[in-house]
There are 2 protein chains.
Amino acid sequence: MPTSRSSTRSRDRGASRPTRADARQNVDALLEAAKAVFAEAGVNAPVRSVAERAGVGVGTLYRHFPLRSDLISAVFRREMDACADAATEIEAAFPPGEALDRWIMRFTQFVATKRGLAAALHSGDPAYEPLAEYFSTRLAPTLERLLVAATRADAITQDVEATELLGAVANLCHGGGPDPRSAEHAERMVRLLLAGLRAPQLT
Amino acid sequence: MPTSRSSTRSRDRGASRPTRADARQNVDALLEAAKAVFAEAGVNAPVRSVAERAGVGVGTLYRHFPLRSDLISAVFRREMDACADAATEIEAAFPPGEALDRWIMRFTQFVATKRGLAAALHSGDPAYEPLAEYFSTRLAPTLERLLVAATRADAITQDVEATELLGAVANLCHGGGPDPRSAEHAERMVRLLLAGLRAPQLT
DNA sequence: ACTCAACCGGAGCCATGTTCCGGATCCTGA
DNA sequence: TCAGGATCCGGAACATGGCTCCGGTTGAGT
């Protein structure tokens with residue numbers, strides 16, 4: 001009987017003990033530090049600097065985030081969720097075609113703001129696999145919904161995969177640093193892509 | 001008199017001496033090795049592996065290519081030139097609109113084939129600045145010419161910078177490895193972008 | 001208070017970009 | 001042909017950054 005322990009309190013589900021308080025605190029500190037560091041120096045910032053800023057050793061960091069990419073995922077997960085959630089609001093407020101555009105632009109701004117996120121995402125480095133996967137898992141279905149709606153409403157003429165489009169938009173957000181011009185550039189190119197979705201025929 | 005030397009042979013321009021034969025040989029060996037290594041393992045392959053393959057020490061490599069990116073630039077310079085040159089042929093054989101499309105697709109295939117080239121190009125890493133610069137110097141004017149011609153012929157309706165479009169297309173070629181699907185994906189997205197150039201109005 | 005699993009910290013290992021410099025090599029001038 | 005010296009070579013060594021290891025510490029049940 002693996003689940004039986006001497007004291008059968010209210011909950012003794014699965015794990016034998018609850019997470020220790022200091023561990024939880026450290027995780028929080030790390031996430032906050034990572035968020036700050038990534039914002040300042042991009043996702044390529046040294047792991048050590050994150051640990052230092054959080055006031056813990058690298059060992060502690062790696063205990064909670066075995067891979068560098070795990071830390072990155074954790075930091076952006078929340079924002080990705082927010083982005084995905086924004087879709088329902090937008091869908092309710094605008095007709096399918098415009099909803100699609102608006103959500104894509106929302107997504108564009110998210111990716112363009114995170115220095116190096118896009119680069120990491122499609123770097124080919126297998127370390128970022130989980131990040132990319134969460135990307136697809138959480139965001140692709142949302143876009144798919146928007147695309148289907150737009151297609152039904154005859155708002156777009158081209159047939160594209162959600163994943164594909166998502167990747168393309170993310171890719172267009174590369175380059176440049178905090179320079180606002182690069183953000184504009186990305187936006188303009190994304191709009192061009194969106195315009196392409198309305199093109200009468202593809203070559 | 002800096003240019004005067006004891007023996008005034010036919011040419012004693014600028015530099016005091018011609019490059020040593022062994023040095024030139026090594027440069028060639030390095031370029032060839034780099035080309036092979038990059039093709040196999042992408043542009044992120046270790047510098048040491050290139051030196052080893054060329055049969056020289058890393059010191060020699062760094063003597064000729066002070067920065068990692070210099071080596072990369074040198075390797076791709078030739079191919080970039082070929083791509084740029086292809087434009088004149090294409091321009092002569094097709095009407096402006098189609099010429100634009102064809103050249104862009106030619107460019108797409110070039111970038112998509114080189115693993116990591118696109119990533120390096122817009123990685124934000126200042127080390128790749130010279131590479132990006134050559135990119136603009138050599139390729140941008142070409143595209144600009146094609147764009148102007150297409151605009152004059154009313155083949156496109158949108159107004160974009162050559163540099164901008166070049167960067168966007170390169171960006172769309174990220175991701176994936178030797179997988180042919182990723183190349184297809186990139187192509188499809190580029191076509192979408194091209195279709196966007198013909199869109200009647202931008203939002 | 002006692003026990004012990006979970007946790008912490010940071011020294012240390014490995015890979016990779018880059019520098020340094022003693023010694024080998026090639027061109028020049030005679 | 002030969003000496004002189006600029007040029008070049010090689011690889012040890014340094015710097016940086018990801019990741020591991022393990023002795024010591026600490027929180028949480030009893």
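A, B, ... follow the sequence lines: proteins, then strands. Residue 1 opens every chain. Hydrogens, waters and symmetry mates play no part in the numbers below; they use all other heavy atoms, side chains included. Note that the structure is predicted; figures quoted are calculated from it, not measured.
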Give the table of side-chain donor-acceptor pairs shorter than 3.5 Å for residues 144-153 of chain A, with sequence neighbours excluded, one pair per line with atom names and distance.
| from | atom 1 | to | atom 2 | distance (Å) |
| --- | --- | --- | --- | --- |
| A/R145 | NE | A/E91 | OE1 | 3.3 |
| A/R145 | NE | A/E91 | OE2 | 3.2 |
| A/R145 | NH2 | A/E91 | OE1 | 2.9 |
| A/T151 | OG1 | A/L147 | O | 2.8 |

Please report, to 0.1 Å, the donor-acceptor pairs under 3.5 Å made by any side chain of residues 72-90 of chain A, with sequence neighbours excluded.
| from | atom 1 | to | atom 2 | distance (Å) |
| --- | --- | --- | --- | --- |
| A/S73 | OG | A/S69 | O | 2.8 |
| A/E79 | OE1 | A/K114 | NZ | 3.2 |
| A/D81 | OD1 | A/Y134 | OH | 2.6 |
| A/D81 | OD1 | A/R138 | NE | 2.7 |
| A/D81 | OD2 | A/Y134 | OH | 3.2 |
| A/D85 | OD1 | A/R138 | NH2 | 3.1 |
| A/T88 | OG1 | A/D85 | O | 3.0 |

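Listed by chain and number, the residues in a side chain to side chain contact (heavy atoms under 4.5 Å, CB included) with A/D28 amount to none (sequence neighbours excluded). In this structure A/S136 satisfies the side chain to side chain contact (heavy atoms under 4.5 Å, CB included) test together with A/T163, sequence neighbours excluded.
Put simply, the side chain of A/R20 and the base of C/dA6 share a donor and an acceptor less than 3.5 Å apart. With hydrogens and angles ignored, a donor-acceptor pair under 3.5 angstrom links the side chain of A/R48 to the base of C/dG12.
Comparing the axis of the opening five pairs of the helix from C/dA1-D/dT30 to C/dA30-D/dT1 with that of the closing five pairs yields an angle of 10°, rounded to 10°.
Side-chain N/O atoms of B/Y62 include none lying less than 4.0 angstrom from OP1 or OP2 on C/dT19. B/H64 has a side-chain polar atom (N or O) that falls below the 4.0 Å cut-off from OP1 or OP2 of D/dC9. The shortest distance between the side-chain N/O atoms of B/T60 and the OP1/OP2 oxygens of D/dC8 is not below 4.0 Å.
Distance check, rounded to the nearest 0.5 Å: CG of B/L193 to CG of A/L172 gives 6.5 Å.
Mapping B/P46 and A/V58 onto DNA chain C by nearest heavy atom places A/V58 at the nucleotide closer to the 5' end. Positionally, the nearest nucleotide of DNA chain C for B/A45 lies more toward the 5' end than for the other of B/A21 and B/A45.
Backbone-only engagement by A/R68 is indicated by non-hydrogen atom pairs under 4.0 Å involving sugar-phosphate atoms exclusively.
Summarising the geometry, the separation between CD1 on B/I72 and P on C/dG17 is reported as 10 Å, rounded to the nearest angstrom.
Of the residues in residues 23-31 of chain A, those lying under 4.0 Å from DNA chain C by heavy-atom distance are A/A23, A/N26.
A salt bridge is absent between B/R48 and B/E52: the closest approach of a Lys/Arg side-chain nitrogen to an acidic carboxylate oxygen does not fall below 4.0 angstrom. Under a 4.0 Å N-O distance rule, the pair A/D101/A/R198 qualifies as a salt bridge.
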For ring-ring contact (aromatic ring centres under 6.0 Å, His included), just list the numbers for A/F135 and A/F110, CA-CA rounded to whole Å, side-chain angles, deciding distance to a tenth of an Å, and then say yes or no.
CA-CA 12 Å; A/F135 217 75; A/F110 162 58; 7.0 Å; no
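Residue B/E98 places its CD atom among more than 12 non-hydrogen atoms of other residues, nucleotides or ligands, all under 6.0 Å distant.
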